[in-house]
Amino acid sequence: MTGVERERAIIDLIRSVPEGFVTTYGDLCPEAPRLPGRILATTSEKVPWHRIVRADGTFAQGERQRRLLRKEGIPFKGRRVDLDAAHIPREALLANR
DNA sequence: GTGATGACGGAAA
DNA sequence: CTTTCCGCCATCA
């Protein structure tokens with residue numbers, strides 16, 4: 001698996017996350033959760049970046065991200081996304097292709 | 001080549 | 001709850 005292939009696979013997975021749901025960096029790339037983060041931070045591709053949150057429901061882009069998530073009706077549990085209700089695991093994303 | 005870094009994760013303290 | 005530490009991969013100095 002080369003770098004670009006891996007990156008493309010991750011971009012595709014991000015695009016497959018439906019509105020109103022979220023997935024985690026770890027789901028996007030179990031072997032290296034930091035990779036999706038690096039890609040989102042540097043890519044110019046159009047992707048629903050706000051639907052990617054950390055494994056504990058917290059997220060990296062503060063208010064900006066919070067706004068977009070709420071706009072889609074994603075449920076919260078205090079300051080974190082309620083993963084029990086809105087999380088789509090990796091297997092589901094892969095199956096849904 | 002070596003070392004540091006990052007939109008991370010999980011375990012340990 | 002918080003802070004460390006280490007592993008992961010690609011990139012950059």
Side-chain angles (χ1 to χ4, degrees):
Chain A
M1 190 71 140
T2 82
V4 296
E5 294 175 316
R6 213 189 282 276
E7 174 159 347
R8 211 163 79 12
I10 291 173
I11 292 286
D12 288 343
L13 266 189
I14 294 175
R15 290 213 167 105
S16 75
V17 181
E19 182 178 341
F21 293 85
V22 300
T23 196
T24 71
Y25 297 91
D27 285 303
L28 295 177
C29 183
E31 327 78 69
R34 292 197 142 185
L35 193 47
R38 184 193 145 298
I39 292 172
L40 285 176
T42 63
T43 190
S44 55
E45 300 276 327
K46 276 188 286 187
V47 295
W49 59 268
H50 58 286
R51 298 183 191 139
I52 312 306
V53 302
R54 299 194 184 104
D56 64 357
T58 59
F59 36 89
Q61 304 305 297
E63 257 325 292
R64 205 186 33 139
Q65 184 165 10
R66 173 170 203 132
R67 205 186 65 243
L68 293 171
L69 291 171
R70 295 210 44 166
K71 190 165 64 177
E72 294 190 355
I74 288 169
F76 281 71
K77 223 175 197 177
R79 346 170 62 53
R80 336 194 271 142
V81 167
D82 180 358
L83 294 180
D84 295 309
H87 176 52
I88 300 195
R90 179 181 179 78
E91 309 79 51
L93 290 177
L94 293 174
N96 195 307
R97 289 176 305 171

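So that the names make sense, note that chain A is the first sequence line, chain B the second, and so on, each numbered from 1.
Counting heavy atoms from C-beta outward, A:R66 and A:F76 have side chains that approach closer than 4.5 Å. Within the 4.5 Å cutoff, no side-chain heavy atoms of A:V22 are placed close to those of A:F59. Using a 4.5 Å heavy-atom cutoff, the side chains of A:L40 and A:Y25 are in contact. A:V47 places none of its side-chain heavy atoms less than 4.5 Å from the side chain of A:I52.
A heavy-atom distance below 4.0 Å to DNA chain B is reached by these residues of residues 53-71 of chain A, ordered by number: A:R54, A:A55, A:A60, A:Q61. Of all the residues in residues 29-42 of chain A, A:E31, A:A32, A:R34, A:L35, A:R38 reach under 4.0 Å from DNA chain C with at least one non-hydrogen atom. Of the residues in residues 7-16 of chain A, not one comes within less than 4.0 Å of DNA chain C through any heavy atom.
Residues satisfying the side-chain hydrogen bond (donor to acceptor under 3.5 Å, both in side chains) test with A:R8, not counting sequence neighbours, are A:D12. Contacts of A:R80 classified as salt bridge (charged side-chain N to carboxylate O under 4.0 Å, His left out), with partners at least two apart in sequence or in another chain: none. Residues meeting the salt bridge (charged side-chain N to carboxylate O under 4.0 Å, His left out) test with A:R67, sequence neighbours left out: none. Scanning for side chain to side chain contact (heavy atoms under 4.5 Å, CB included) contacts around A:E91 gives A:P89, with sequence neighbours left out. For A:F21, the side chain to side chain contact (heavy atoms under 4.5 Å, CB included) criterion is met by A:P18, A:I88, not counting sequence neighbours.
Nearer to the 5' terminus of DNA chain C, by closest-nucleotide assignment, is the contact made by A:R80 (compared with the other of A:R80 and A:M1).
Here, B:dA7 and C:dA13 have their C1' atoms 22 Å apart, quoted to the whole Å.
Using a 4.5 Å cut-off between side-chain heavy atoms of Ile, Leu, Val, Met, Phe, Trp and Tyr, A:V4 forms no hydrophobic cluster with any other residue.
Within the structure, the salt bridge (charged side-chain N to carboxylate O under 4.0 Å, His left out) test picks out the following pairs touching residues 19-41 of chain A (sequence neighbours left out): A:R6-A:E31. Within the structure, salt bridge (charged side-chain N to carboxylate O under 4.0 Å, His left out) pairs that include any residue of residues 47-64 of chain A comprise A:R51-A:E72 (at least two apart or interchain).
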Worksheet item: Does the side chain to side chain contact (heavy atoms under 4.5 Å, CB included) test come out yes or no for A:E45 and A:I39, once each step is laid out?
Response: CA-CA 10 Å; A:E45 300 276 327; A:I39 292 172; over 6 Å; no
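The separation between A:L83 atom CG and B:dG9 atom P is 10 Å, rounded to whole Å.
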Do any N or O atoms of the protein come closer than 3.5 Å to N or O atoms of nucleotides 11-13 of chain B, and which pairs are they?
none

